[in-house]
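This structure is a prediction, so every number in the text was calculated from the model and none was measured.
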Amino acid sequence: MAMPTLDLKNFVIKASMLVLLLMVLVGAALHFYRLDKVPYGFHVDEMSGSVAVGCMATEGVDAHNVPHPLFADLHYGTPKPPTYLYPAMVWAKLFGYSAPSLRALSVTVHLCGIAGLFLLARSLFGWRYAAVTAALAIFSPWAWVPSRVAFESLFAVTFLIWGLYVFLHPPRAWRMVLAAVLLAGAMYSYPPMRLQTPLMLLPLIIYSFKQYRLNWKFLVVFVVVFAILLFPLVQRTLNGQLQQRFDQISIFSPQYLKAMGVNGSWMQLTEIFCYIYALHFHPDFLFFKGDPSYVHSTRHFGILSWMDMAALAVGLVFLLMLLTKFGRKNNPLAVHRYWLVFLFVNIFIGVVPAALTNSELPNSLRIIGSWPFMCLLSAFLLWQACERCWVLWLGVVLTTALFAFSFLKVYFQVYPQESKGMFSYWTMEEAGQLKTEEDWFKFVLLYRYADYNARYFLMQYHGSTCTQSRAMWEGMRDFLISRGKY
């Protein structure tokens, strides 16, 4: 009786899929590891968000005593959107509203986005594409660092991914309604999405007509529901309630234009826009150092991983093959051109909002809307290369494993010390040593200009309620004002 022969090709492919998916599970678990220590300390946006969420969860008001607002105005920066505020309120009732707890919420939402990417890739081209997509996404330095900070930015990305997943299916009326809800959620969640999402709709609709013969009737359903849901957002944007932060950091800001020594003509604004746009494609940003801010990056890796770099090299090979007669047949750049064009267009669209700002540049968080499209593009190119040469699966697995090890070692061992200056670690350490009411009085006096620093630790360490923390800080402020010392 003949012994069965080992099918080496199938074994390698199946083993590679298994290892990639195991690495995804390990990466997902590590996203929750040491959230109270890495990053070390708490960013002011995390503390302000925690105070707002804590007040909502315990007293039904925001940090400034406004009951159940649509947007929670922090009196600085961008108001907390309802798509973050109310899910976080429910989370806080279950797990508390400390910064580490809200970091866990951010991680959970981010992992839901990666699950959406996996399902989107699988629905389009199958399990192998999906496995590579998930592995790329889970260890992406572009998203890893901000996913472990209590921000709402990646809520928007998750809404965007699931909106795409629902939209890119054979159209049904209920799917169009759900897609409208999800994509509107992305726009509510993070200001850059308020420009990116509308710009994305045209290529999305064109691609859907090409692939699924999208019915005009269903498209009308989507547009009507989308418009209705966005009415409160548009209203608050037009009346300036949501524009304070953008007015400060936009390239249209009179203060910025004056500092630049220009009068703001369309030619000058176009030059500024193009310059800032190009900054986001600088090799240092993409491949070597990443975002200048430790809040968004380890500063030891670019926003693209080694897998992304390998995918770009593969894409260049496919392009060169396409230009020759030898490589034109079944070239993925030709066979799947509509999908690739859709991804490329949206990667470049995602950079537009950041190019309209003038601070903290280049900024990987403001272009985070490009991240899912880059994951899908890189994974597609690697998957197509492996389909043509199955031995490359070993290279994909090895590269992913080596990068994950290198990145995580830096993130958990080096990054906490290098980044702690961005996370007010000294405030956390000081608050942890306070014992008497006099100590707390001095603490609030010290942070009289930083209300969220004081109120966060009053609520988390001192045991004050939302009302008590607000009263103590405001009392200190009013006392100093009466003495002319504020």
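Checked by atom type and distance alone, the side chain of Trp473 never pairs as donor or acceptor with a backbone atom of Val444 at under 3.5 Å. With hydrogens and angles disregarded, no donor-acceptor distance shorter than 3.5 Å links the side chain of His282 to the backbone of Ala278. Proximity of a side-chain donor or acceptor of Ser378 to a complementary backbone N or O of Cys375 within less than 3.5 Å is not detected. Side-chain atoms of Lys93 come within 3.5 Å of backbone atoms of Ala57 as a donor-acceptor pair (strictly under, hydrogens ignored). In this structure, Arg148 contributes its side chain and Tyr33 its backbone to a donor-acceptor pair below 3.5 Å. The backbone N or O of Pro170 lies less than 3.5 Å from a partner atom in the side chain of Arg175, making a donor-acceptor pair. Between the side chain of Ser48 and the backbone N or O of Asp45 there is at least one donor-acceptor pair closer than 3.5 Å. Counting only distance, with no hydrogens or angles, the side chain of Trp91 and the backbone of Ser101 share a donor-acceptor pair below 3.5 Å. Using modelled atom types, one side-chain atom of Arg455 and one backbone atom of Ala63 make a donor-acceptor pair closer than 3.5 Å. A side-chain donor-acceptor contact under 3.5 Å links Glu46 to the backbone of Ala150.
Counting heavy atoms from C-beta outward, Phe226 and Met187 have side chains that approach closer than 4.5 Å. His31 places a side-chain heavy atom less than 4.5 Å from the side chain of Ser147. Phe288 places a side-chain heavy atom less than 4.5 Å from the side chain of Pro283. Side chains of Val51 and Tyr97 form no contact here, defined as non-hydrogen atoms less than 4.5 Å apart. Side-chain contact check for Gln211 versus Leu124: every heavy-atom pair is 4.5 Å or farther apart. Residues Val24 and Phe118 fail the side-chain proximity criterion, which asks for heavy atoms closer than 4.5 Å. Two residues are said to be in side-chain contact when any heavy atoms from C-beta on lie closer than 4.5 Å; Leu117 and Leu136 fail this criterion. Side-chain contact between Val295 and Glu360 is absent, with no heavy-atom pair separated by less than 4.5 Å.
A perpendicular orientation is assigned to the rings of Tyr165 and Trp162, their planes being inclined by more than 60° (bins at 30° and 60°). In this structure, Phe139 and Trp144 have parallel ring planes: the angle between them is below the 30° cut-off, well short of the 60° mark.
Atom-to-atom distance recorded for Met459:CE and Thr467:OG1 is 9.0 Å, nearest 0.5 angstrom. Taking OG of Ser419 as the reference point, atom CZ of Arg299 lies at 12.0 Å (rounded to 0.5 Å). One distance of note links SG of Cys112 with CG of Leu154; it measures 12.0 Å at 0.5 Å rounding. In this structure, CZ in Phe287 is found 10.5 Å from OG in Ser305, a value given to the nearest 0.5 Å. Note: Asn263 CG to Leu257 CG = 8.5 Å, rounded to the nearest 0.5 Å. With rounding to the nearest 0.5 Å, the separation of OH in Tyr86 from CE in Met56 is 3.5 Å.
When ring centroids are compared, Tyr188 and Phe159 stay outside the 6.0 Å threshold. Separation of the Tyr456 and Phe42 ring centroids falls under the 6.0 Å cut-off. The aromatic ring centroids of Phe218 and Phe222 lie 6.0 Å or more from each other. Ring pair Phe348/Phe281: centre-to-centre distance below 6.0 Å. Taking the six-membered ring for Trp, Trp266 and Phe273 have ring centres at least 6.0 Å apart. Aromatic pair Phe125/Phe380: centroids less than 6.0 angstrom apart.
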Given Phe443 and Tyr447, is the ring pair (Phe, Tyr, Trp, His ring centres under 6.0 Å) satisfied, shown in steps?
CA-CA 6 Å; Phe443 179 80; Tyr447 289 100; 4.9 Å; yes
Does Ser364 form a side chain to side chain donor-acceptor pair (under 3.5 Å) with Asp291? I'd like the steps, not just the answer.
CA-CA 6 Å; Ser364 62; Asp291 193 299; 3.0 Å; yes
Working note: His300 + Glu418, criterion side chain to side chain donor-acceptor pair (under 3.5 Å); need CA distance, chi angles, decisive distance, verdict.
CA-CA 11 Å; His300 289 265; Glu418 292 185 347; 2.8 Å; yes
Run the numbers on Ile303 and Met374 for side-chain contact (heavy atoms from CB on, under 4.5 Å), then give the verdict.
CA-CA 11 Å; Ile303 65 169; Met374 189 67 209; over 6 Å; no
Tyr129 vs Leu376, side-chain contact (heavy atoms from CB on, under 4.5 Å): CA-CA, chis, key distance, verdict
CA-CA 9 Å; Tyr129 179 34; Leu376 290 165; 3.5 Å; yes
From CA spacing to verdict: side-chain contact (heavy atoms from CB on, under 4.5 Å), His296, Asn363:
CA-CA 8 Å; His296 308 154; Asn363 194 298; 3.7 Å; yes
Can you check side-chain contact (heavy atoms from CB on, under 4.5 Å) on Met176 and Leu219, steps first, answer last?
CA-CA 7 Å; Met176 292 297 101; Leu219 181 58; 5.7 Å; no
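Heavy-atom minimum distance, Ala72 versus Pro69: CA-CG, 4.0 Å. Between Pro372 and Leu160 the shortest heavy-atom distance is CG-CD2, 4.2 Å. The minimum heavy-atom distance between Thr83 and Phe155, with the atom names listed, is O-CD2, 3.6 Å. Minimum heavy-atom separation, Val345 to Pro203: CG1-CG, 4.1 Å. Nearest heavy-atom pair, Arg103 versus Pro39, reported as atom, atom and distance to 0.1 Å: NH1-O, 2.9 Å. Shown here for Ser424 and Asn453, the closest heavy-atom pair between the two residues is OG-ND2, 4.3 Å.
Using a 3.5 Å distance cut-off with no hydrogens or angles, the side chains of Tyr40 and Glu429 do pair a donor with an acceptor. Ser464 and Ser469 form no side-chain donor-acceptor contact under 3.5 Å, judged by distance and modelled atom types alone. No side-chain donor-acceptor contact under 3.5 Å links Arg194 and Thr237.
Within a 6.0 Å radius of NZ in Lys420, other residues, nucleotides and ligands contribute more than 12 heavy atoms. Residue Tyr76 qualifies as enclosed at atom OH: its count of foreign heavy atoms under 6.0 Å is above 12.
Under the side-chain contact (heavy atoms from CB on, under 4.5 Å) test applied with Phe71, the options Asp62, Val66, Leu242 reduce to a single match, Leu242. When each of Arg470, His64, Met47 is checked for a side-chain contact (heavy atoms from CB on, under 4.5 Å) with Asp451, only His64 meets the rule.
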